[in-house]
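Data first, discussion second: the structure below is written as C-alpha cells.
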Amino acid sequence: MQVSKFTVLLEKSLTTDQAKQIHCQIVVNSLINLEPLLIRQTLKYAAHYSPRTTHYVKSILLGMQNPDVFSASLTIRYLSQHGQFKEALSLYAQSHGRGLFPNTFAISSALKACARVLCKVGGLMIHGQVQKLGFCKVVFVQTALVDFYSKLGDMVVARKVFDEIRGKNVVSWNSMLAGYVKCGDLAMAQSVFDEMPVKDVISWNSMVSGFARANDMEQAYELFRRMPQRNSASWNAMVTGYVECGKIELARSFFDAMPERNNVSYITMISAYSKYGNVESAKELYDQLGVKDLFLYNAMIACFAQNNRAKEALQLFEEMLNPNVTLQPDKMTLASAISACSQLGDSKYGIWIESYMRESGIPMDDHLATSFIDLYAKCGNIDKAAKEAIKLFEDMMVAGIIPNTVTFTGILTAYNHVGMVEEGYHCFMSMQRHGLVPSLDHYAIVVDLLGRAGRLEEAHELIKSMPMQPHAGVWGALLLACSLHNNVELAEIAAKNCFELDPDSSGYHSLLANIYASAGRWDDAKRLRGAIEEKGLVKVPGSSWMDCAKS
C-alpha cells in the first residue's frame, strides 16, 4: 500500500524541497528501492539547471547501497544537457569507479562532455569502453564519437567512425559536416552537404557559417537565399559574417530584417559597434531590450571599457550588482570592470573587485591577474599599487597560473616603479622559461630599470644583445639614464640612435643638450639647441620615448 502511495506522489511535478520530504518518508519506511524513481522524477521536472538539485541528486546516488546504472546515467545526461560538462565527466568517472557499467545514454552524454571541454584522454578512454562493451554499432554512440573527434579536429578518425555507421541519421551527417566546417575544409564540407539525403536547418546553417567565416559572403548569401527554412541562427550567421568583413551597414540591414531577434543577435551587433567605436549605436540597441542577461551586460560593459568610457562601464557594472538584477558577474565582466578602473587610475575600486572575487569564490586566472597587474602598475599611489601588483604576480606563480606578455609588461613596470632591480631583471629573464619572446617595450622597461640604478653598461649590453632592431623608446630609456648619471659617452651613442630612428623629435636633442651642459660642454649644448630651432623640430605630445619606456 505504501509503495503505491509513494509511487503516485512521485508521478507528480516535484520541486527539490518536495522531493526531499518524500525521500525522508522513503528512508523511514525502508523503501529505498524507490530512490531511482525519485531521482528520475526530480530530474524530469527540473526545467533549468540548479546546483542545489544536482547536489541533492548526487548525494542520493553516492549514498545508494545498491548503485543504480540508470539513475547515474540520467544524472550524467542531465548535467551534460545543461552544460555542466566537467561535472558530468566527474560523475561518469565516479560511477565507473563504483563498478557500474555505463549504458549508451551515459556514454553518449560523457562523449558530448569530452567534446565540449576538449578532453582528449577522457574521450579516447570512453571510445575504448565502447568497443569493450559492444556498443560500436549503436547509432547515437557512433554519432557522439564522430562529434568528439570532429571537435578535436581529428577528421581522419571522425570520418572512419562515420563511414562505419549503418543507418546514419541527420545528426550523424551534421556532426561530420560541422567537423569539416570547423577545420576550414569547405570543399569536404560541401561534398558532405551535397551527399546528405536529408538536410535540416542545422545543416544549412553550418554551410552558411562556414562560408561566412571564410569571408565568402557571396556564397554564404546564395545558400542563405536558398534555405527552405531559417531560424535565428541562420540570420545571426549572416550578421556575424558581414561584421567580420567590416560591412557594418549590411550587417545592420540583416539585423533589422530579422523576423525574430535573440540576445545573440543583439550581442553580435553591440560588439561590432564597439569594435568600430560607435558606442551610441551599441547603447541604442542595448536599451531596446527590457530583460537583459549576463552576456548582454558583458557586451555593453566591454563596449564602454574598450572605448574609453570607463565611468559608464563601472556604472553599468554597479547596476548589475544590484540585488534586483539577480545576476552574478563572471570573469569577462570583471576583466572589463578592471580595465575601466585602470583607465580611471582607481586602484581602490580594483582592490574592492579583488575582494569581491574572493568572497564570491571566483578563481583568479591569467587574464584577470594580468588585468589587475596592469591596473596596479598604472594607479595613483605608485609604490603601494606596484607592491600590490608584485604580490599578485607572486600569487600567480604559486598558483601555477601562466603569465602572458601583457602580464610581464605590467609586472616589469611595477618592479621599475619601486626600484626592485634584481627582481625585475630576473623576472625579465624568466620570460623565455614561459615560452615568451620579450617585445621591444619589455626591453625598454628593463633598460630603464637598469639605467636608473646606474647599471648603464649592463643596459647598453642588453640593447646590443637584442634579437630585433631597438626602437627609439629603448635607446631613449638609456639616454634618460645617462642624463641621471652624467654619462656623456654612452649618452652620445644613445642619442645618435635616437636621432636616426626618430629624426623629427626635439626631445632627444634637448636631453643631450642638457647632458652636455651638465658636463660643462657649453659649445656642444649651444650647437644642439641651435639645431632644434633651425630644423623647427617639435615635441609631439604622447609620442616621446618616455611614453614608450613607461608603457
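Throughout, residue positions are numbered sequentially from 1 according to the sequence presented.
- For residues 280-293, the set of pairs meeting the salt bridge (Lys or Arg N to Asp or Glu O under 4.0 Å) definition, not counting sequence neighbours, comprises E280-R309, K283-D287.
- Environment of CE in M332: sparse, with no more than 12 heavy atoms of neighbouring residues, nucleotides or ligands closer than 6.0 Å.
- Taking the salt bridge (charged side-chain N to carboxylate O under 4.0 Å, His left out) definition, one finds that K160 meets it with E164, sequence neighbours left out.
- Each salt bridge (Lys or Arg N to Asp or Glu O under 4.0 Å) pair with one or both residues in residues 86-112, not counting sequence neighbours, appears once here: K58-E87.
- For the pair V279/E312, no side-chain contact is recorded, criterion being any heavy-atom separation below 4.5 Å from C-beta on.
- When side chains are defined from C-beta on, V239 does not count as touching S265, because their heavy atoms never get closer than 4.5 Å.
- Within the structure, the salt bridge (Lys or Arg N to Asp or Glu O under 4.0 Å) test picks out no pair touching residues 176-192 (sequence neighbours left out).
- Rounding to the nearest 0.5 Å gives a distance of 11.0 Å between SG of C303 and OH of Y286.
- Ring geometry for F254 against Y242 counts as tilted: the plane angle lies between 30° and 60°, on a 0 to 90° scale.
- Using a 4.5 Å cut-off on side-chain heavy atoms (C-beta onward), F224 and W235 make contact.
- Atom CE of M258 has more than 12 heavy atoms from other residues, nucleotides or ligands within 6.0 Å.
- Interatomic distance, I270 CD1 to I301 CD1, rounded to the nearest 0.5 Å: 11.5 Å.
- Contact annotation: the side chain of F408 never approaches that of S439 to less than 4.5 Å [non-hydrogen atoms, C-beta and beyond].
- In K331, the NZ atom is crowded: over 12 heavy atoms of neighbouring residues, nucleotides or ligands sit closer than 6.0 Å.
- Between P467 and V437 the shortest side-chain heavy-atom distance does not fall below 4.5 Å.
- Atom CG of residue L111 and atom NE2 of residue H127 lie 8.5 Å apart, to the nearest 0.5 angstrom.
- Around CZ of F295, the count of heavy atoms belonging to other residues, nucleotides or ligands within 6.0 Å does not exceed 12.
- The CD1 atom of I411 sits 6.0 Å away from the SG atom of C427 when rounded to the nearest 0.5 Å.
- Looking at L152 and F148, their side chains come closer than 4.5 Å, going by heavy atoms from C-beta outward.
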Side-chain donor-acceptor pairs under 3.5 Å in residues 391-399, sequence neighbours left out?
from : atom 1 : to   : atom 2 : distance (Å)
K391 : NZ     : D395 : OD2    : 3.2

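- Residues forming a salt bridge (charged side-chain N to carboxylate O under 4.0 Å, His left out) with D256 (at least two apart in sequence, or on another chain): R252.
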N/O donor-acceptor pairs under 3.5 Å from side chains in residues 170-178, not counting sequence neighbours:
from : atom 1 : to   : atom 2 : distance (Å)
S172 : OG     : T143 : OG1    : 2.8
S172 : OG     : N169 : N      : 3.4
S172 : OG     : N169 : OD1    : 2.8
N174 : OD1    : S203 : OG     : 2.7
N174 : ND2    : V170 : O      : 3.4
N174 : ND2    : D200 : OD1    : 3.1
N174 : ND2    : D200 : OD2    : 3.4
S175 : OG     : V171 : O      : 3.0

Decide side-chain contact (heavy atoms from CB on, under 4.5 Å) for I107 and L133; before the verdict, give the C-alpha distance in whole Å, the side-chain angles of both, and the deciding distance to 0.1 Å. CA-CA 11 Å; I107 285 174; L133 296 170; 4.3 Å; yes
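- Y356 is linked by a ring-ring contact (aromatic ring centres under 6.0 Å, His included) to W352, counting only residues two or more places apart in sequence or in another chain.
- The one candidate from I267, L334, T333 that meets the side chain to side chain contact (heavy atoms under 4.5 Å, CB included) condition with N298 is T333.
- Within the structure, the side chain to side chain donor-acceptor pair (under 3.5 Å) test picks out the following pairs touching residues 210-223 (sequence neighbours left out): E222-R225.
- Side-chain contact check for R226 versus W204: some heavy-atom pair is nearer than 4.5 Å.
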Verify ring pair (Phe, Tyr, Trp, His ring centres under 6.0 Å) between F101 and H96, making sure each step is shown before the conclusion. CA-CA 6 Å; F101 287 103; H96 190 261; 7.1 Å; no
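- With values rounded to the nearest 0.5 angstrom, I126 atom CD1 is found 13.0 Å from Q131 atom CD.
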Let me see the working for S234 and M227 under side-chain contact (heavy atoms from CB on, under 4.5 Å), right down to the final yes or no. CA-CA 9 Å; S234 318; M227 288 180 73; 3.4 Å; yes
Going through the distances and angles, do L74 and F105 end up as a side-chain contact (heavy atoms from CB on, under 4.5 Å)? CA-CA 8 Å; L74 281 177; F105 285 115; over 6 Å; no
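- Among residues two or more places apart in sequence or in another chain, the salt bridge (charged side-chain N to carboxylate O under 4.0 Å, His left out) test is passed with K151 by D147.
- Contacts of K199 classified as salt bridge (charged side-chain N to carboxylate O under 4.0 Å, His left out), with partners at least two apart in sequence or in another chain: none.
- Residues satisfying the ring-ring contact (aromatic ring centres under 6.0 Å, His included) criterion with Y266, sequence neighbours excluded, are F255.
- Counted within 6.0 Å of CG on L124, heavy atoms from surrounding residues, nucleotides or ligands total more than 12; the atom is thus considered enclosed.
- Counting heavy atoms from C-beta outward, F162 and K168 have side chains that approach closer than 4.5 Å.
- Within 6.0 Å of atom CD in E260, 12 or fewer heavy atoms from other residues, nucleotides or ligands are found, so the atom counts as exposed in its surroundings.
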